[in-house]
Each structure stands twice: as structure tokens, then as C-alpha cells.
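Note sheet for the following structure.
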Amino acid sequence: MVVIYHTSVIFRVPTYWGATPFGDVPKFLDSGVDFFFVLSGFIILDAHLRDIGSPARFANYVWRRAVRIYPLYWLVFCAVLIPLLLTKADADLRHIALEFFLLPASGLVPDQKIVVVSWTLCFEIAFYAIFGVAIFNRVLGVLLGVLWLLAALYSLGELVPANWTILCSPYPVLFLTGMAVRQVWSSGKFHMPLSPTLGLGIVIFAAAAITRVNALGIPAGVVQLSYGVGAGLIILAAVEAERRGSVEFPEWLTRIGDASYSLYLVHFTVLSVLAKLIVATNVSKAVPLQVVFVGMAVVTVAVGVAVHLAVEKPLLKLLGRCRAPVHQSTGQFADQVRGRDRSPQELAREAYSTDR
């Protein structure tokens, strides 16, 4: 979704084509970010629910989250930064240092980033930090989470998303939505028919998209929340369908899903390079822009998958051998004993969550 959205952004740049080959349709696909935040809330709670309130597990949590986010990001960051430094003499070292650790340079979401998409990771790091506090101290973590949600509710009346900050925006509600979906799903008490659940999620998501594209005057925060509710229902229907064995996702889709982080980090840079090459070689003059658009998106996805297989996967495997030591608590021992009686589906889900 985000790849197609940013392809449309590249196409609208006057120095490239200044065109919209598919009209306004791709405009709503920035909602892939909202979907990502909901999914993140689901996955993190699924992977670390037993860690909450267990300080002995805090170091392992920090290690796992840091390894998942930072190493590949640092590689992409440096790959983009080096050419930037060679062409610009007025580098802001403070700005660079903050972005290196995914800390907001100005607090505003749309401030210029070296890795364009990294603003979303600033929100992700904030979510990880509050969840980490809950692992170290459940009460303090819940308190911080509630304060973040109150700030999110306060931001709903803001009509201009550019005024949202890490501390005050609707995005924390999306993480909470994902966590709520995980709890509903894992309770085993979700018995609603899957097709209506999926259909309702798609309808809500589509309604938010129509509102976004047509600028109907509804506050931006309300649109974000609508995306979150729609995404939550879609995820709930999908994971429940998989658990019931009523759907099996194709292998190619699973592969792209595995490569999603690599693809997310590199796609805008790849699209920019492709656009420059295509314009320089005048290829687009002989080919319909719709074909160029689709071709750029397909090549970008292929590059993202290649980066995952050649860089991210070996890197995670290497760093996995250096995992931080975990001091086993009584609760962890009990978890291991219970794990002997868990179903293969539960164990597979836990392994999947660990990789995330």
C-alpha cells in the first residue's frame, strides 16, 4: 500500500512527470501506516504479554526490539546519508544524531527525514518505550499509556495533521486497537462469522479512504481512527480465519510479508533512483505512464525482497546468536512447563511473534 502511495507521490513531482496516471485512487494508500500501527500493537502484545510486570525480562525485551529495528535501519540510514553529506555542506549534526537513534528532531511528524519513512518508526519507538516501562513496572507503564491515550484523544479535534507530535496525535489509539484485537482473538471467545467481520472492516476502511481522498471536512484524527477500526476488524478476521484453517495465504504473499520491513525502509529511495533513471533515459516517452507506474512498483517490491534475503535475514540470524542473557524467573519456568502442552499452532505463532 505504502509503495503504491509513494509511487504516486513521485509521479506528481514536476521534475519527474507531474502526472497522476491512476487519478486520486492511490491517495488513500498512505493508510498503510495506520494498518501497520494496528498490526504492530497486535504483534508486540502477542510476543511480550507474559513479560509485562517481569523486570527480569526487560533486558531481553529491549534487545529483541532493538535488534529488530535498528541494525537494518542504520545500514539504510548510512546508505542515504553518505551521498547527502557529499552534496551538502551545511549538515546539521544534531539532527543527524537524533535521527540515527530514531528520536524526533523537532517533535513534528512531517519534519524532513534522511530516511523519509522513518517518522513512523519514531512512533514505534515511543510505543516500545512505554511497553518496556510496563514490563519493568506494570503500574507505571499503564499510567504512561493512559496519559499517551488522553493526549491522543485531545488531538482528535486538530484539523491539520502537520501539527501532530509524537506526544499528541491519534496514533497511540491505533496501537491500542491492535492490542485489543489480540486480546479478543486469543480469548477464544470470538465466534462471529468471518465474512461479515471482514466485510465490515473493509467497509469502514473504505469509508475512511473516501473521506480522505475527497476531503469531506471530517477531522483528520477521526479518519485515522476509522482506519484503525477497519484495520482491526480485517486483522481479526484474517488471523481467526487462519486459526480455523479456513484460509491459507499464498507463499508469495507470505514472502513479501516477511520482507515488509526491508521493503518499507528502502522503497522510497529505490523509487527516487528509478524515477531519475527513467527520466534520464527517456523510457517513459515510449511507454504509457500507467505501465511505468506499475513497473516501478514491481521493481521496488523485488528490491525490498532481495534486501530482506541478502541483508536483513542474515543480519538477524547473526545477531540472534548474541541475544542478551535472560534471568529465568519462576514465571518463565512455569511458561516453559505449560509450553510442553501447547498446540503446534500456538508454538508456531509464538515463534512468528519472536521474529517480529
Side-chain angles (χ1 to χ4, degrees), residues 1-7 26 29-48 64-65 67-69 71-73 76 117-118 120-121 123-124 127-128 174-175 177-179 181-182 185-186 194 197-198 201-202 205 227-228 230-268 270-271 294 297-317 319-320 344-356:
M1 291 173 69
V2 177
V3 170
I4 296 174
Y5 170 74
H6 278 142
T7 305
L29 292 176
D30 60 346
S31 57
V33 170
D34 305 279
F35 197 98
F36 165 74
F37 284 155
V38 176
L39 184 60
S40 181
F42 181 101
I43 290 174
I44 294 303
L45 185 63
D46 194 54
H48 296 286
R64 285 171 60 179
R65 292 303 100 210
V67 163
R68 190 69 186 92
I69 293 293
L72 185 63
Y73 168 74
V76 175
V117 298
S118 65
T120 62
L121 296 178
F123 280 96
E124 192 77 9
F127 172 56
Y128 288 173
L174 302 181
F175 292 116
T177 301
M179 295 168 74
V181 167
R182 189 273 174 193
W185 173 68
S186 65
L194 297 181
T197 302
L198 178 62
I202 292 173
F205 205 90
Y227 276 139
L233 290 172
I234 292 170
I235 292 170
L236 179 59
V239 295
E240 182 61 21
E242 187 176 27
R243 177 162 65 182
R244 295 180 189 180
S246 56
V247 65
E248 185 174 342
F249 296 103
E251 181 69 18
W252 64 269
L253 192 60
T254 302
R255 295 294 183 187
I256 293 176
D258 291 341
S260 58
Y261 186 53
S262 292
L263 176 59
Y264 189 68
L265 284 178
V266 305
H267 78 273
F268 195 89
V270 173
L271 286 170
V294 174
V298 170
V299 170
T300 299
V301 171
V303 172
V305 173
V307 170
H308 166 69
L309 294 175
V311 181
E312 181 187 13
K313 199 171 180 180
L315 189 60
L316 289 176
K317 185 176 181 180
L319 293 172
Q345 292 83 0
E346 289 176 310
L347 293 173
R349 186 172 74 248
E350 182 174 310
Y352 174 84
S353 298
T354 299
D355 289 339
R356 292 295 175 272

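Residue numbers start at 1 and run along the sequence shown.
Between S186 atom OG and R243 atom CZ the span is 7.5 Å, to the nearest 0.5 Å. Residue I256 holds its CD1 atom at 11.0 Å from CD of E251, rounded to the nearest 0.5 Å. Here the CD-CG distance, from E240 to L194, works out to 6.0 Å after rounding to the nearest 0.5 Å. Taking OG1 of T7 as the reference point, atom CZ of F268 lies at 9.5 Å (rounded to 0.5 Å). In this structure, the separation between CG on L236 and CG on L198 is 10.0 Å, given to the nearest 0.5 Å. Atom CD1 of I43 sits about 8.0 Å away from atom CD1 of I235, to the nearest 0.5 Å.
Counting heavy atoms from C-beta on, the side chains of Y264 and V33 come closer than 4.5 Å. Side chains of V2 and H267 form a contact here, defined as non-hydrogen atoms less than 4.5 Å apart. Contact check for L121 versus L265: side-chain heavy atoms found under the 4.5 Å cut-off. The side-chain heavy atoms of E124 and F175, taken from C-beta on, include a pair separated by under 4.5 Å. P71 has its side chain within reach of L319: a pair of non-hydrogen atoms, C-beta onward, lies under 4.5 Å apart. Looking only at side-chain heavy atoms (C-beta outward), R65 and I69 stay at 4.5 Å or farther from each other.
Scanning all heavy atoms of the two residues, the minimum distance from S262 to G304 falls at CB-O, 3.5 Å. Nearest heavy-atom pair, Y73 versus S118, reported as atom, atom and distance to 0.1 Å: CE1-CB, 3.8 Å. What you find for L309 and P314 is that their closest heavy atoms are O-CD, 3.3 Å.
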Side chain to side chain contact (heavy atoms under 4.5 Å, CB included) between D258 and H308, intermediate numbers included
CA-CA 8 Å; D258 291 341; H308 166 69; 3.9 Å; yes
Run the side chain to side chain contact (heavy atoms under 4.5 Å, CB included) check on V181 and L233 step by step: do they pass?
CA-CA 8 Å; V181 167; L233 290 172; over 6 Å; no
Take S31 and Y5 through the test side chain to side chain donor-acceptor pair (under 3.5 Å) and record every step on the way to the result.
CA-CA 9 Å; S31 57; Y5 170 74; over 6 Å; no
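Partner of Y261 under the side-chain contact (heavy atoms from CB on, under 4.5 Å) criterion, out of V266, V307, L72: L72 alone.
Relative to the ring axis of F42, R182 does not place its NZ or CZ within 45° and under 6.0 Å from the centre.
Listed for the S40 side chain is no donor-acceptor partner under 3.5 Å among the backbone atoms of F37. Put simply, the side chain of H48 never gets that close to the backbone of I44: no donor and acceptor are under 3.5 Å apart. In this structure, S246 contributes its side chain and A241 its backbone to a donor-acceptor pair below 3.5 Å.
Salt bridge present: R68 and E312 bring a charged side-chain N and a carboxylate O closer than 4.0 Å.
Y227 and F205 have their aromatic ring centers within a separation under 6.0 angstrom.
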